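Encoded as structure tokens, the structure appears first; notes follow it.
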Amino acid sequence: MKPDLDSLTAKWAERWEADGIYRYDPSAPRERTYAIDTPPPYASGEMHVGTIFGYVQADIIARYQRMRGKTVFYPMGWDDNGLPTERRTQRYFGVVCDPSLPYDPDFQPSMQGQTPVSRRNFIELCERMTAIDERSFEEAFRAVGLSVDWTLLYTTIGEKAQAVSQQAFLDALSKGDAYRAHGPTLWDTSFRTAVAQAELQDREIRGAFYELDFDGIKVKTTRPELLPACVALVAHPEDERFQALLGTGVKSPLGDEVPVLAHRLADPAKGTGIAMVCTFGDVTDVIWQRELDLPIRPILGFDGRFLADTPHIGGLTVAQGRARIVERLGLTPEPITHAVKFYERGERPVEIIPTEQWYLRNGGRDAELREELQARGRELIWHPAHMRVRYEHWVNGLTGDWLVSRQRFFGVPIPIWYPINASGFIEFDKPILPNRLPVDPAADTPPGFDAAQRGRPGGFTGETDVFDTWATSSLTPSIAGFEGTMDLRPQGPEIIRTWLFDTVLRSHTLRDELPWKHAMINGWILDPDRKKMSKSVGNVVTPLGLIREYSPDAVRYWSAAANPGTDTAFDIGQMRVGRRLAMKILNASRFVLGLPSTVDGSDEALDLAMLAALSRVVRQATAALEGYDYATALDLTERFFWRFCDDYLELAKARAYEHGCPPAMRTALSTLLRLFAPMLPFVTEEAWSWWQEGSIHLAPWPAAGNGDPALLDPALLDPALLGLAGEAIGAVRRAKAAAKLSMKAPVARLAVTCDEPSWELLSLAANDLRAAGAIASLEHVPGDTLTFDVTLT
RNA sequence: GGGCGGUUAGCUCAGCUGGUCAGAGCGCCUCGUUUACACCGAGGAAGUCGGGGGUUCGAGUCCCUCACCGCCCACCA
């Protein structure tokens with residue numbers, strides 16, 4: 001029988017699931033538990049290879065810890081709540097949510113167009129959508145051998161997540177960490193929802209400067225359409241050019257009287273040195289409005305159109321309004337390219353619109369909390385360590401509290417109702433809290449009321465906003481169901497400011513503890529040509545395609561070769577190498593196990609030297625894994641494994657055929673398989689199953705003192721013998737290759753020049769060496785420099 | 001504008017606290033069907049360690065500086 005890599009995958013994935021070998025044991029004490037806060041991916045569309053990359057790295061740690069005797073809390077979750085799901089649902093089913101419509105229990109999507117549906121219908125379609133996507137993600141994760149305990153599966157839109165999220169919000173509310181406020185809000189006009197600072201990204205777009213004339217004062221702006229919202233001009237207090245104007249008023253080009261004021265943030269070097277303040281054009285306007293106590297003149301509506309009563313441009317879009325103002329004032333565009341803030345999933349720049357929203361305190365306006373969070377960041381152990389600075393910069397750069405309310409549908413509802421007083425006014429400052437969770441205030445009735453009182457004087461109204469998706473996913477430890485500080489958070493670098501920071505924040509404010517001890521940040525996947533991953537590599541670049549073509553162990557090998565934080569090129573070549581290694585492991589195992597195991601098979605010096613060298617590898621690889629340095633562990637193991645095959649097995653082969661397999665050879669095989677097991681779980685399990693009971697993934701990690709007596713004493717014998725004998729056989733091979741002879745060609749004489757101790761050492765393996773090299777005569781030439789002189793016949 | 005990481009053989013990358021660190025694999029070339037392995041084995045060629053300064057007896061390894069690549073952050077009138 002020939003080992004067949006491709007039939008292993010399904011076989012072992014099914015067996016592991018059936019045997020439940022990755023089940024978490026909740027009865028184990030904390031010190032024998034290792035808990036991982038797995039990133040719940042957005043299971044939307046086709047999985048990216050980068051996703052597999054990061055998850056495999058976490059899985060290596062999980063498998064290592066399991067072999068160290070820990071029960072591993074290793075859940076999977078699907079982060080399905082939120083805007084991406086809504087967008088996919090709209091496109092896939094051809095619908096759009098209209099909350100004013102009644103629920104239609106028999107609704108069938110037409111799969112095209114934009115059919116308006118009720119909120120409840122829309123949510124049901126979102127749930128159907130996520131179910132489809134999540135199946136394909138689970139298939140890919142199983143195929144690549146993630147050792148998650150699938151019984152712990154959760155979703156961020158699920159009942160448990162909703163209850164946890166709502167409870168955390170209510171706790172924050174009672175502590176004063178959550179509050180409702182009216183103020184300038186970052187707003188995406190296409191999705192018509194508020195967004196948070198963490199969801200912004202800069203994009204370079206083409207725009208233009210326009211020069212406006214305020215009573216002869218030239219002011220440059222990229223947004224002339226906001227002129228009707230202009231409430232002041234601002235110059236730097238020490239800018240001599242505008243000293244005389246400060247405190248006076250000027251007329252805007254539209255005829256409004258605005259004051260000229262001083263503020264330190266006005267930069268004399270920008271534009272003409274004096275800026276117009278509009279409510280609101282950008283974040284600086286917000287600061288100026290607040291700090292200079294300026295009036296707010298809102299002109300832009302939620303839909304991105306100017307309010308009907310806005311002079312000159314009422315009802316127009318931003319772009320139309322700009323064109324109208326430019327035309328009316330006869331402005332000349334001066335084209336520029338500039339960075340503008342976008343909602344990361346949006347298509348138009350964010351606007352700033354005054355609204356009522358819910359906030360969570362995050363240290364953005366509270367130096368004390370900020371310092372506490374910095375302390376948490378220092379307490380956390382980062383892999384690699386330099387990733388901590390991203391966290392620190394983010395915390396220091398926070399400009400306001402965390403806006404958590406979203407005017408969307410497929411999210412966790414904010415669990416609040418408001419009473420309506422006898423005059424019909426909503427009393428926002430007297431929220432009604434739920435007495436059970438989860439609730440949907442838009443559909444459920446609050447305690448003490450009946451459904452008929454909804455929207456009536458003396459009755460109630462339900463909050464219709466939902467939470468920002470991070471407000472829920474920042475609670476993954478609790479949603480997954482783990483109490484206390486976990487061990488590891490593996491994740492990508494791009495979500496340190498969101499997921500990692502938010503989780504630290506919630507854990508700190510709600511439970512006064514760090515959510516996990518370690519954070520392992522994976523690197524980026526780069527295209528072979530250093531660009532973003534693209535189609536250039538072909539359609540094989542789906543994880544399942546790669547797994548099928550190269551085997552899961554091969555894909556894992558590629559992932560395992562990059563340590564945390566290290567960017568990695570997408571490299572088919574590495575997967576080929578991984579596949580070859582997997583194959584070699586099977587073949588070497590088959591060879592060792594196929595040797596006769598006669599009674600007189602006993603260890604000789606070479607065998608013990610090999611074991612001594614392996615013992616050192618075990619220690620080094622273990623130390624590396626303890627430091628989350630799995631790539632080094634793999635490298636050490638792989639390096640030794642090739643020496644084991646090329647030198648040791650070749651040297652010991654003839655003797656083993658004749659006298660049987662030396663015990664050390666089997667010990668080494670057992671050890672090597674276990675060292676490889678976290679990275680290459682399929683082939684190691686296959687080879688293990690040929691001669692061992694139980695799963696290798698539950699076998700003890702090789703280390704002195706846990707089952708490998710031969711490894712107890714690393715000084716059993718000088719490991720140098722393996723190196724010496726390896727060099728000797730190498731010299732013989734070189735000579736044969738140079739003479740273009742077969743490796744089987746006989747050697748008349750091998751003369752070894754070396755000192756006396758080396759010769760004594762080498763002599764211990766003389767028989768093996770003669771047999772492996774077909775050497776007739778082995779001789780010693782005294783000397784200090786090790787050289788080999790090969791005489792071929 | 002600030003910060004973080006990177007720049008080592010054609011390619012992908014190791015090289016920790018300075019002195020066997022100039023390495024591995026892929027690719028390439030040559031040879032070889034040896035009773036584990038042709039989804040193979042053996043051997044070989046190949047680099048002034050991004051540029052320039054400096055510290056040191058000695059620097060890919062420390063310091064300064066410049067360039068380029070990637071990323072993060074920024075109050076981008």
Side-chain angles (χ1 to χ4, degrees), chain A residues 2-6 201-202 204 207 209-210 212 219-223 226 233-234 263-267 270-278 281-288 336-341 384 386-394 396-397 399 493-494 496-497 523-524 526 528 530-532 550-551 554 558 561-563 565-574 576-577 579-595 627 629 631-632 635 638-639 642 645-646 649-650 653 657 729-730 732-745 772 774:
Chain A
K2 277 209 157 190
D4 173 22
L5 215 44
D6 301 307
Q201 63 179 210
D202 287 357
E204 288 281 334
F209 267 132
Y210 300 90
L212 300 175
V219 177
K220 280 200 174 185
T221 181
T222 55
R223 304 209 55 186
L226 295 181
L233 296 186
V234 195
H263 194 278
R264 64 192 155 78
L265 287 183
D267 184 346
K270 279 179 190 158
T272 57
I274 187 162
M276 71 172 184
V277 182
C278 302
D282 62 28
V283 196
T284 328
D285 286 339
V286 176
I287 298 171
W288 282 329
I336 55 160
T337 304
H338 60 153
V340 176
K341 287 197 187 309
H386 67 77
M387 287 293 175
R388 172 186 284 124
V389 304
R390 300 199 185 202
Y391 173 93
E392 288 171 346
H393 284 181
W394 175 250
N396 280 337
T399 57
E494 77 282 11
I496 289 174
R497 66 174 176 168
W524 296 101
L526 305 171
R530 289 275 154 220
K531 291 187 224 115
K532 265 221 233 99
Y550 298 99
S551 88
W558 163 69
N563 263 326
T566 308
D567 293 350
T568 298
F570 175 75
D571 191 355
I572 292 288
Q574 280 296 100
R576 290 209 183 96
V577 174
R579 187 179 167 87
R580 194 174 65 128
L581 174 62
M583 210 54 210
K584 186 85 173 174
I585 289 172
L586 290 178
N587 279 314
S589 301
R590 188 165 65 118
F591 169 68
V592 171
L593 298 175
L595 290 169
D629 192 355
T632 299
D635 185 61
E638 187 184 4
R639 221 173 271 279
W642 284 104
C645 291
D646 295 349
L649 287 186
E650 290 302 324
K653 189 187 261 182
Y657 276 135
I729 193 71
V732 171
R733 285 181 194 138
R734 257 190 306 279
K736 290 178 182 176
K740 297 189 189 295
L741 289 171
S742 154
M743 287 300 129
K744 238 189 149 180

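Since the structure is predicted, the reported quantities are computational estimates derived from the model, not experimental observations. Each chain gets a letter, A, B and so on, in the order the sequences are listed, and its residues count up from 1.
- A 4.5 Å side-chain heavy-atom check between A:W524 and A:E494 finds at least one atom pair inside the cut-off.
- Using atom P as the reference point in both B:U12 and B:G2, the two lie 30 Å apart (nearest Å).
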Every protein N/O within reach of nucleotides 4-7 of chain B N/O, cut-off under 3.5 Å:
{"residue": "B:C4", "atom": "O2'", "partner": "A:H386", "partner atom": "ND1", "Å": "3.3"}

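- B:G5 and B:C69 make up a base pair, with Watson-Crick or G-U wobble contacts both under 3.5 Å.
- Side-chain contact between A:I729 and A:D646 is absent, with no heavy-atom pair separated by less than 4.5 Å.
- Side chain of A:R639, nearest nucleotide from B:C40, B:A77, B:A24: B:A24.
- Minimum heavy-atom separation, A:A554 to A:R579: CB-N, 3.5 Å.
- Side-chain to base pairing of A:R579 with B:C39: one donor and one acceptor N or O lie within less than 3.5 Å of each other.
- Summarising the geometry, the separation between CG on A:L649 and P on B:G41 is reported as 13 Å, rounded to the nearest angstrom.
- Distance from the side chain of A:K744 is smallest to B:U34 among B:U34, B:U12, B:A74.
- Counting to the nearest Å, the P atom of B:C37 and the CZ atom of A:F591 are 9 Å from each other.
- Between A:W558 atom CH2 and B:C11 atom P there is a gap of 20 Å when expressed in whole angstrom units.
- At the phosphate of B:C26, OP1 or OP2 sits under 4.0 Å from a side-chain N or O atom of A:R580.
- With sequence neighbours excluded, the residues satisfying salt bridge (Lys or Arg N to Asp or Glu O under 4.0 Å) with A:K341 are A:D202.
- At B:C39, none of the side-chain N or O atoms of A:K584 fall inside 4.0 Å of OP1 or OP2 (strictly under the cut-off).
- The separation of B:G53 from B:A67, taken at their C1' atoms, amounts to 15 Å, rounded to a whole angstrom.
- Among the heavy atoms of the strands lying under 4.0 Å from A:A266 is at least one base atom, whether or not backbone atoms are also near.
- Across all non-hydrogen atoms, the minimal contact from A:T284 to A:D282 is N-OD1, 2.9 Å.
- Of the C1' atoms belonging to B:G44 and B:G27, the separation is 14 Å, rounded to the nearest Å.
- Using a 4.0 Å heavy-atom distance criterion, A:N396 is classed as making no nucleic acid contact.
- Rounded to whole angstrom, the span from the CD atom of A:E638 across to the C1' atom of B:C13 amounts to 12 Å.
- When rounded to the nearest whole Å, the span between CD of A:Q201 and P of B:C73 equals 9 Å.
- Set against B:C71, B:C37, B:A42, the side chain of A:D646 has B:A42 as its closest nucleotide.
- Along RNA chain B, the nucleotide closest to A:T632 and the one closest to A:K220 are compared, and the more 5′ of them pairs with A:T632.
- A syn base is found at B:G60: its glycosidic angle is within 90° of 0.
- Where A:G573 and A:G271 each meet RNA chain B at their nearest nucleotide, the meeting point lying more 5' is that of A:G573.
- Comparing atom distances between the A:M583 side chain and each of B:C26, B:A77, B:C39 picks out B:C39 as nearest.
- Side-chain atoms of A:R497 and A:R390, non-hydrogen and from C-beta on, never get closer than 4.5 Å to each other.
- Taking atom C1' in both B:U17 and B:U7, the straight-line distance is 23 Å, to the nearest Å.
- Nearest to the side-chain atoms of A:R733 among the listed nucleotides B:A42, B:A77, B:C75 stands B:A42.
- Of the nucleotides present, none pairs with B:C76 by Watson-Crick or G-U wobble criteria with both distances under 3.5 Å.
- Going from the C1' atom of B:G52 to that of B:C68 covers 15 Å, rounded to whole Å.
- A:C278 is not listed as a side-chain neighbour of A:R223, based on a closest heavy-atom distance of 4.5 Å or more.
- Rounded to a whole Å, the CD1 atom of A:I287 is 7 Å from the P atom of B:C75.
- Rounded to the nearest Å, the gap between the P atom of B:C57 and that of B:C49 is 23 Å.
- Among the nucleotides B:C72, B:C13, B:C26, the one closest to the side chain of A:V577 is B:C26.
- Spacing of P atoms, B:G60 relative to B:U48, comes out at 14 Å, to the nearest Å.
- Atom CG of A:D202 and atom P of B:G2 are 16 Å apart (whole Å).
- Of the candidates B:C13, B:C71, B:C75, the closest approach to any side-chain atom of A:W524 belongs to B:C71.
- Between the P atoms of B:G6 and B:C16, the separation comes to 11 Å (whole Å).
- Rounded to an integer number of Å, the gap from CD1 of A:I729 to C1' of B:U34 is 12 Å.
- Within the shown strands, B:U30 is the pairing partner of B:A42 under the Watson-Crick or G-U definition, both distances less than 3.5 Å.
- Side chain of A:A339, nearest nucleotide from B:C76, B:A77, B:G44: B:C76.
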Enumerate all atom pairs, one protein N or O and one N or O from nucleotides 27-32 of chain B, separated by less than 3.5 Å.
{"residue": "B:U30", "atom": "O2'", "partner": "A:K740", "partner atom": "NZ", "Å": "2.7"}

